[in-house]
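This one's a predicted model, so the numbers in the text were calculated from it and none came from an experiment. Just so it is clear: chains get the letters A, B, ... in the order the sequence lines come, proteins before strands, and each one is counted from 1.
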Protein chains: 2
Amino acid sequence: MPDSSLSPLPEATGPGRVANRSLSVTDQIRDAILDGTVSAGERINEVRFSKTLEVSRTPVRAALQALAGEGLLDYAPNRGFTVREFPLSAIVDAYEIRASLEGVAARFAAERGLSAEERAIIEESLVAGDKLLARGEFAEGDLTIYRGINGDFHDTLLGAARNRMLAEMIRICHHVPMSSSRNIVAFEHRDVRRRHDDHHRIYDAIMAREPWRAEVLMREHVSGVKSSLVKSLIERGEQADIVHGSAAG
Amino acid sequence: MPDSSLSPLPEATGPGRVANRSLSVTDQIRDAILDGTVSAGERINEVRFSKTLEVSRTPVRAALQALAGEGLLDYAPNRGFTVREFPLSAIVDAYEIRASLEGVAARFAAERGLSAEERAIIEESLVAGDKLLARGEFAEGDLTIYRGINGDFHDTLLGAARNRMLAEMIRICHHVPMSSSRNIVAFEHRDVRRRHDDHHRIYDAIMAREPWRAEVLMREHVSGVKSSLVKSLIERGEQADIVHGSAAG
DNA sequence: TCGGATTTAATTGTATTCACTTTGCTGCGG
DNA sequence: CCGCAGCAAAGTGAATACAATTAAATCCGA
């Protein structure tokens, strides 16, 4: 099967122009993995990809190595790269790890303090969320909007932690297939309301300069997302017995 | 200056034979970074490395990309790779992150349980540590031995967590320059005694299947190493004011 | 017909070459 | 003396060619 939906470069990509082919190819292959165009466990053929993307093997190999560094691919010498499989247990674990890491990030942010810009962005995200949730139910597309609001909140806080390693690790957690924020789609208004309230409390703790409280709250917050996911998966009847530990948190 | 102490391959490396040049080169460059042969902030010249290591640029580039994935190098398009700098604050933060991650690992281990082998290795590490510490003071080389014991304990527990992403992230924390276990060298007998007692308690919590207790204990344990490091750095008069937050933990 | 060794194709690893970008220098003009 | 334009050198990015390894298929021999 000749990888469908994997098109060549759309030429010089807009104003934020593309730096080089390797990076562009990296993004394309990553997307292909995350949206399932190439399936898990599959072995990646370098020449096939280079033909599909209309580049040589060199940038393809660079991209594959980068993606292996991100944990999306496995590498075996002389046998190339394979798409890593993420069983449900690994996905749930990724939430747990992210909860812990974002907790640390919240603590750091509370210790280090926020810039004026950061405060502005977060406060705007809180207001926007309140407004969106005020009606008591979602209209079409509201969840997509909230996803942006949610992203602003978390990204800004992460930036305020002022630690790159932490940011990169959390980013990796986000890139675990299924674990990304797009899954919020499945959630109820009540769940989102509750999580947005979490945001308020976390921000309060940070502004009050209470690092450990901020950490605990953030941790519980992210862990709550995990619980919601597990719950919704169970309700959908998927095999959830793979999940270790106490799913209820 | 033509990179000293960076020698070409010593040919087919023993029984665990080298898979390919890229991996070998990766190890060599990583070592060169960690032991300071190439200094922090320095920009890496691909052709120079390829000449020194007597390989083409191709495996060198592969190695550099891999090391960038590990967070040891920075990459900028069309400007190549530079050795990433780790200010003291980043090193201290790395301990904090590791404390959090290893805490999660301990919790997972307590939830999932240990195999017979794992129990054996850990119990042996505990006994060996007790024996080594019984005399009340260290002989020459004892600290090196204890470093091995310490490694066995942590590595085995990490394996018992049965999560690869977690393992990789903790490994990255260990590879932060200065943050590696080799720095234990500076510590007193009393500190090591205390930390070995931590190991006992952590193992107890895990065997008692008390996940959260295991997590808290492990976290405090690793955090204690950080505190010792910070303390010893302050005593040595190094500029420790870079450190954010409460160093005492 | 099955097992195994050998050969052949496919795929990855490495080297080399060429193209493009960046950077530093040189010289001209102000 | 300073600044800027253009040019030259160095370095990275990508493509192609070649080598080595692995996987598959074929061809025996029992």
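- Here the options are B:R219, B:H154, B:R107, the test is side-chain hydrogen bond (donor to acceptor under 3.5 Å, both in side chains), and the partner is B:E102; only B:H154 passes.
- Evaluation of the side-chain hydrogen bond (donor to acceptor under 3.5 Å, both in side chains) rule for B:S125 yields no partner, not counting sequence neighbours.
- Checking A:S56 against A:S50 by side-chain atom types alone, no donor-acceptor pair falls below 3.5 Å.
- Rounded to the nearest 0.5 angstrom, B:I97 CD1 and A:L101 CG are separated by 7.0 Å.
- Spacing between atom CG of A:L73 and atom C1' of C:dT12 amounts to 15 Å, rounded to whole angstrom units.
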Atom pairs, N/O to N/O, protein against nucleotides 12-14 of chain D, distance under 3.5 Å?
{"residue": "D:dT12", "atom": "OP1", "partner": "B:I44", "partner atom": "O", "Å": "3.0"}
{"residue": "D:dT12", "atom": "OP2", "partner": "B:E46", "partner atom": "N", "Å": "3.3"}
{"residue": "D:dG13", "atom": "OP1", "partner": "B:Y75", "partner atom": "OH", "Å": "2.6"}
{"residue": "D:dG13", "atom": "OP1", "partner": "B:N78", "partner atom": "N", "Å": "3.1"}
{"residue": "D:dG13", "atom": "OP2", "partner": "B:R61", "partner atom": "NH1", "Å": "2.6"}
{"residue": "D:dG13", "atom": "OP2", "partner": "B:R61", "partner atom": "NH2", "Å": "2.8"}
{"residue": "D:dG13", "atom": "N7", "partner": "B:R57", "partner atom": "NH2", "Å": "3.1"}
{"residue": "D:dG13", "atom": "O6", "partner": "B:R57", "partner atom": "NH1", "Å": "3.3"}
{"residue": "D:dA14", "atom": "OP1", "partner": "A:R21", "partner atom": "N", "Å": "2.5"}
{"residue": "D:dA14", "atom": "OP1", "partner": "A:S22", "partner atom": "N", "Å": "3.3"}
{"residue": "D:dA14", "atom": "OP2", "partner": "A:S22", "partner atom": "OG", "Å": "2.7"}
{"residue": "D:dA14", "atom": "O3'", "partner": "A:R21", "partner atom": "NH1", "Å": "3.3"}

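- A distance-only check finds no donor-acceptor pair linking the side chain of A:R43 to the backbone of A:T82 [under 3.5 Å].
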